[in-house]
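Only one structure is covered here, and it is reproduced in the block below.
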Amino acid sequence: MKIKSRKTHFKQVDPSSGITSTLSQTFGAAKSSEQRGVVNRHFAGAIACAKSNNSNAATVSLYHTIDSTSYLMDTVTLQPGESAIWNEDDYGIVLQKTHSITMGIGGDVVNCWIKTYDTYL
């Protein structure tokens, strides 16, 4: 198997502004040229960093979302300046066409990165 289309999705999530989550792109939503020859999309990891100037702790929940149903994988509480990392060795998931990874944020501002890649023959 070969790897292509490594993607890192970044978003700053601020619950006080009404944004409480970020998610990776589903494989089915990718352009047809990106889908050509692809066998699978994989979750390669995620990073969540609470801003150091936050005044409150932030709660980050990592979900595997299938269609409209979310399955909790992990939850962490981050104090200002702390970060959490989820890697492929521990949380590697093959994402089907309608699957995505979602990070739900509560509390204060968090910078979020979600990494995926596609495999092809």
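Note that CZ of F43 is 8.5 Å distant from CG of L95, once rounded to the nearest 0.5 Å. Separation of atoms CH2 (W113) and CD1 (I85) is listed at 10.0 Å; rounding is to 0.5 Å. One distance of note links NE2 of H64 with CG of L72; it measures 13.0 Å at 0.5 Å rounding. Interatomic distance, CD1 of I101 versus NZ of K115, reported as 14.0 Å (0.5 Å rounding). Rounding to the nearest 0.5 angstrom, the gap separating the CG atom in D14 from the CG atom in D108 is 7.0 Å. Rounding to the nearest 0.5 Å gives a distance of 11.5 Å between OG of S61 and CE of M73.
Considering all non-hydrogen atoms of both residues, A48 and L78 come closest at O-CD1, 3.7 Å. Scanning all heavy atoms of the two residues, the minimum distance from K51 to N111 falls at CG-ND2, 4.4 Å. Shown here for G107 and P15, the closest heavy-atom pair between the two residues is O-CG, 3.8 Å. Residues S52 and P80 share a closest heavy-atom pair of O-CB, 3.9 Å.
The hydrophobic clustering, which links ILVMFWY residues whose side-chain heavy atoms are closer than 4.5 Å, places V60 and V13 together.
For A58, the side chain to side chain contact (heavy atoms under 4.5 Å, CB included) partners two or more places apart in sequence, or in a different chain, are V110. In this structure T65 satisfies the side chain to side chain contact (heavy atoms under 4.5 Å, CB included) test together with Y63, S70, S100, T102, sequence neighbours excluded. Under the side chain to side chain contact (heavy atoms under 4.5 Å, CB included) criterion, T77 pairs with A57, T59, Q79, not counting sequence neighbours.
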Derivation of the side chain to side chain contact (heavy atoms under 4.5 Å, CB included) call for M103 and K11 = CA-CA 10 Å; M103 293 175 79; K11 187 167 191 177; over 6 Å; no
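Ring geometry for H42 versus Y117: interplanar angle under 30°, hence parallel rather than tilted (30 to 60°).
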